[in-house]
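Handing you a structure now.
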Amino acid sequence: MQSLASGRFALSLNRGSSSLKFALFETEGNTRRLGGQFSRLGGPDPIFEADGHGAEPLALAGPAGVLEFLFNWIARQTDATAISAIGHRIVHGGARYRRHCLVDDALLTELERIAAYAPEHLPAEIEMMRSCRQRFPALPQVACFDTAFHSDMPLVARLLPLPRRFFDQGVQRYGFHGLSYSFLLKELQNLAGEQLANGRLILAHLGSGASLAAVHNGQSVDTTMGFTPASGIPMGTRSGDLDPGLMRYLAQAEGMDGTTFDRMVNHQSGLLGLSETSSDVRDLLAAEASDPRARDALSLFCYRIVQNIGAFSATLGGLDALVFSGGIGENSPAIRERVCDGLAFLGIELDGDLNQAGAPVISRPTSRVPVRIIATNEEAVIAAAIVTLLQQKDTMP
């Protein structure tokens with residue numbers, strides 16, 4: 001096994017269904033050195049953009065072509081041979097993998113077995129890990145699971161009300177966005193102290209994919225996403241929770257099969273489906289004054305967020321802090337305001353000026369519950385996991 005001391009950098013890869021975010025971190029101090037992303041992967045016109053590098057259209061041949069371009073680009077910026085390991089965000093580890101771990105054949109085999117748990121994510125992530133192993137066979141790879149943060153949720157929060165045999169087969173509520181929640185929890189401790197970070201928290205990761213997590217004593221208590229990332233609150237193109245009877249109804253009424261239903265709830269629903277125009281909150285806010293469909297989509301989005309914050313506050317027995325994060329949570333004052341307006345019963349008082357400015361704390365001093373904005377950083381969590389796991393490996397006899 002390669003020693004951590006043999007390299008100065010950890011490379012974090014965050015593979016989406018059609019994107020790849022990357023960041024290079026110094027292993028000493030977990031300081032970000034550079035980063036960027038590929039978008040529109042799998043399409044005819046992929047785009048690359050990075051620190052000091054404007055958007056550039058590319059012609060890439062699959063994961064191998066992406067890696068070839070990425071490492072050539074890194075080599076032009078710094079010493080690519082000093083990379084000690086590569087870490088991957090893996091959306092789902094199933095029932096067997098509940099902690100970050102080194103990538104090996106057994107892990108890849110299990111992820112391929114459960115690929116149907118997250119067909120929008122796992123196949124692309126598996127392909128990226130295999131490509132990295134093929135190109136760099138001596139370089140350690142680390143798998144960082146979005147589900148790991150929620151692995152200690154109480155049993156009652158993990159159960160689905162289905163015949164028990166399905167739970168024994170791994171059909172349960174797992175939760176997602178765990179890398180983001182791990183970062184937010186640690187950053188809250190740095191910003192506000194250990195006492196608040198160990199309190200009753202609701203973390204709101206609001207982006208194209210969106211979820212909420214109830215956290216107490218640093219542990220996930222419940223979360224809105226369940227068996228797959230399509231569940232929970234409405235999202236950009238995902239429906240969130242639905243009446244299961246809809247599948248039978250649509251099969252009878254429209255001849256819809258499982259594959260078509262899955263495509264609908266993952267790619268044609270949520271804000272896009274309701275508005276019939278856009279999955280982007282910014283577009284809908286601009287259009288809502290003249291388009292009732294945009295207004296309805298935003299209203300349902302905020303309504304479900306408020307509804308779940310209320311439910312989680314009951315689960316926690318109160319609320320000590322609310323944190324907004326993700327692309328929408330960090331950058332949309334209007335959505336934050338509408339959500340907080342529905343939470344006055346919890347004693348939340350928003351400061352309009354601070355909210356418009358995107359200040360770190362956007363609640364008034366008189367608010368019983370402080371409301372914060374924290375920019376998330378999943379890649380930093382991956383880099384930290386790389387260092388931890390390699391140090392553990394180096395100290396093993």
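We number each residue from 1, following the sequence as shown.
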In Å and rounded to the nearest 0.5 Å, what is the OG to CG distance from S313 to L346?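 The distance works out to 4.5 Å.
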Donor-acceptor contact present, side-chain S231 to main-chain T228, <3.5 Å: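 Yes.
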Quick check for you: to the nearest 0.5 Å, what is the distance between S39 atom OG and L20 atom CG?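 Nearest 0.5 Å value for the OG-CG distance: 10.5 Å.
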Step by step, would you call L24 with T78 a side chain to side chain contact (heavy atoms under 4.5 Å, CB included)? CA-CA 10 Å; L24 196 67; T78 188; 3.7 Å; yes
Could you measure the distance from the CG atom of L184 to the OG atom of S325? Nearest 0.5 Å is fine.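 With rounding to 0.5 Å, CG (L184) is 4.5 Å from OG (S325).
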Could you check whether R238 pairs with E120 (Lys NZ or Arg NE/NH1/NH2 to Asp/Glu carboxylate O, under 4.0 Å)?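 A salt bridge is absent here (no side-chain N lies under 4.0 Å from a carboxylate O).
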Identify which one of R295, R338, R293 satisfies the salt bridge (Lys or Arg N to Asp or Glu O under 4.0 Å) criterion when paired with E288.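 For E288, the salt bridge (Lys or Arg N to Asp or Glu O under 4.0 Å) check succeeds only for R338.
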Is a donor on one side and an acceptor on the other found under 3.5 Å between the side chain of E330 and the backbone of G326?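 A pair under 3.5 Å: yes.
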Please check if the side chain of T147 supplies one atom and the backbone of F176 the other of a donor-acceptor pair under 3.5 Å.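 The answer is no, because no donor-acceptor pair under 3.5 Å joins these two groups.
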Under 6.0 Å between ring centres: does that hold for F136 and F71?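 They qualify: ring centres under 6.0 Å apart.
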Side chain to side chain contact (heavy atoms under 4.5 Å, CB included) between I74 and L11, intermediate numbers included: CA-CA 10 Å; I74 291 175; L11 177 62; 4.1 Å; yes
Tell me whether the count of non-hydrogen atoms from other residues, nucleotides or ligands lying under 6.0 Å of CD in E28 goes above 12.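 No, not enclosed.
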With ring centroids as reference points, do W73 and F38 lie under 6.0 angstrom apart?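 Not close enough - the centres of the two rings lie 6.0 Å or further apart.
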Quick one: side chains of residues 302-310, donor-acceptor pairs under 3.5 Å with protein atoms, not counting sequence neighbours, listed by atom name and distance.
residue, atom, partner, partner atom, Å
R304, NH1, Q307, OE1, 2.8
N308, ND2, R304, O, 2.8

Is it the case that more than 12 heavy atoms not belonging to R40 sit under 6.0 Å from its CZ atom?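 Open: at most 12 neighbouring heavy atoms sit under 6.0 Å from CZ of R40.
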Crowded around Q77 CD? As in, over 12 foreign heavy atoms under 6.0 Å?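 Yes, the 6.0 Å shell around CD holds more than 12 heavy atoms from other groups.
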Just by modelled atom types, is the V91 backbone N or O under 3.5 Å from a matching donor or acceptor in the E125 side chain?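 Present.
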What distance separates I114 CD1 from Y97 OH, expressed to the nearest 0.5 Å?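 Answer rounded to 0.5 Å: 9.5 Å.
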Minimum heavy-atom separation for F25 and N377, please, with both atom names.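 Between these two residues, the closest heavy atoms are CZ-OD1, 4.3 Å.
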Please check if I233 and L322 belong to a single hydrophobic cluster, counting links between Ile, Leu, Val, Met, Phe, Trp and Tyr side chain heavy atoms closer than 4.5 Å.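 Yes, I233 and L322 fall within the same hydrophobic cluster.
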Say whether L160 and M225 are linked into one hydrophobic cluster, either directly or through other cluster members, by side-chain heavy-atom distances under 4.5 angstrom.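 Same cluster.
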Side-chain ion pair, R130 and E127, N-O less than 4.0 Å: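 E127 and R130: not salt-bridged.
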Electrostatic pair R33:D79 at N-O distance under 4.0 angstrom: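 Looking at D79 together with R33, the answer is no, because their closest N to O distance does not fall below 4.0 Å.
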Please round to the nearest 0.5 Å and tell me the distance separating atom CD1 of I335 and atom CG of L298.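 Reported value, rounded in 0.5 Å steps: 5.0 Å.
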Sidechain N-carboxylate O distance under 4.0 Å for D105, R133: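 A salt bridge is present here (some side-chain N lies under 4.0 Å from a carboxylate O).
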Residues 202-215, side-chain donor-acceptor partners within the protein, below 3.5 Å, at least two apart:
residue, atom, partner, partner atom, Å
H205, ND1, S180, OG, 2.8
S211, OG, H177, ND1, 2.7
S211, OG, Y181, OH, 2.6

With heavy-atom distances below 4.5 Å as the criterion, would you say the side chains of C132 and L67 are in contact?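 Counting from C-beta outward, C132 and L67 do come under 4.5 Å.
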Side-chain heavy-atom pair V371, I348 within 4.5 angstrom cut-off: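 In contact.
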Is it true that D152 and R98 make a salt bridge, defined as a side-chain N closer than 4.0 Å to a carboxylate O?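 Judged by the 4.0 Å cut-off on N to carboxylate O distance, D152 and R98 do not form a salt bridge.
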Start with the C-alpha gap between R8 and S84, add the side-chain angles, then the distance that decides, and say whether side chain to side chain contact (heavy atoms under 4.5 Å, CB included) holds. CA-CA 6 Å; R8 302 196 323 270; S84 59; over 6 Å; no
Roughly how far, to the nearest 0.5 Å, is CD of Q37 from CZ of R15?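 These two atoms lie 12.0 Å from each other.
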For the pair F48 and H53, name the ring-plane relationship: parallel under 30°, tilted 30 to 60°, perpendicular over 60°.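 Ring orientation, 0 to 90° scale: perpendicular.
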Non-hydrogen atoms of D280 and S278 that approach each other most closely: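 Of all heavy-atom pairs spanning D280 and S278, the closest is N-OG, 3.0 Å.
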Output field: ring centroids H150/Y174 closer than 6.0 Å: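 No, ring centres 6.0 Å or more apart.
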Quick check: closest heavy atoms across Q356 and P333, and the distance to 0.1 Å?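 Taking every non-hydrogen atom into account, NE2-CB, 3.7 Å.
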Beyond-backbone contact of I373 with R336, side-chain heavy atoms, under 4.5 angstrom: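 Answer yes - side chains close enough.
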Yes or no on ring-ring contact (aromatic ring centres under 6.0 Å, His included) for Y117 and F227, after CA distance, side-chain angles and deciding distance? CA-CA 7 Å; Y117 285 18; F227 180 65; 4.8 Å; yes
So if you build clusters from Ile, Leu, Val, Met, Phe, Trp, Tyr with side-chain heavy-atom gaps below 4.5 Å, do L316 and F345 land together?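 Yes, same cluster.
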Please confirm whether the backbone N or O of I90 pairs with a side-chain atom of H88, one donor and one acceptor, at under 3.5 Å?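 Absent.
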Given side chains that start at C-beta, do those of L188 and R372 come closer than 4.5 Å, heavy atoms only?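 Contact flag for L188/R372 side chains = yes.
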Side-chain contact test, heavy atoms from C-beta onward, threshold under 4.5 Å: evaluate it for S151 versus R99 and give yes or no.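 A side-chain contact under 4.5 Å exists here.
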Atom pairs and distances, side-chain donor-acceptor, residues 248-259, under 3.5 Å, sequence neighbours left out:
residue, atom, partner, partner atom, Å
D257, OD1, T259, N, 3.4
D257, OD1, T260, N, 2.8
D257, OD1, T260, OG1, 2.7

Do any N or O atoms from the side chain of N14 and from the backbone of R89 form a donor-acceptor pair under 3.5 angstrom?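 Not at all, since once roles are kept as given, no pair shorter than 3.5 Å links the two residues.
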Do the side chain of T224 and the main chain of G232 share a donor and acceptor less than 3.5 angstrom apart?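 Looks like no, no N/O pair under 3.5 Å.
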Evaluate the salt bridge (Lys or Arg N to Asp or Glu O under 4.0 Å) criterion for residues K21 and E378: first the C-alpha distance (whole Å), next the side-chain angles of each, then the deciding distance (0.1 Å), finally the verdict. CA-CA 10 Å; K21 296 178 183 178; E378 295 168 324; 5.3 Å; no
Checking the side chain of R200 only, and the main-chain atoms of G317 only, is there a donor and an acceptor separated by less than 3.5 Å?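 Indeed, once roles are kept as given, a pair shorter than 3.5 Å links the two residues.
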Flag the pair I386 / F9 as yes when at least one side-chain heavy-atom distance between them is below 4.5 Å, and no otherwise.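 No, their side chains stay 4.5 Å or more apart.
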Measure the shortest side-chain to side-chain distance between D45 and P57 over non-hydrogen atoms and say whether it is less than 4.5 angstrom.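 They are not in side-chain contact.
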Are D351 and R364 within salt-bridge range, i.e. N to O under 4.0 Å?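 Salt bridge between D351 and R364, a charged N being under 4.0 Å from a carboxylate O: no.
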Closest approach of L271 to A297 (non-hydrogen atoms, all atoms of both residues):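 Scanning both residues completely, I find the closest heavy atoms to be CD2-O, 3.5 Å.
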So, R368 and E349, do they make that salt bridge, N to O below 4.0 Å?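 A salt bridge is absent here (no side-chain N lies under 4.0 Å from a carboxylate O).
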Is V265 close to F261 at the side-chain level, that is, under 4.5 Å between some pair of heavy atoms?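 Yes, close enough: below the 4.5 Å cut-off.
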Assess whether side chain to side chain contact (heavy atoms under 4.5 Å, CB included) is satisfied between L41 and V66, documenting all intermediate values. CA-CA 9 Å; L41 293 178; V66 171; 3.9 Å; yes
Would the distance check show the side chain of D291 and the main-chain N or O of A287 forming a donor-acceptor pair, the cut-off being under 3.5 Å?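 The answer is no, because no donor-acceptor pair under 3.5 Å joins these two groups.
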Sidechain-backbone polar pair: D146 side chain, H92 backbone, donor-acceptor under 3.5 Å: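 Judged by distance alone, no pair lies under 3.5 Å.
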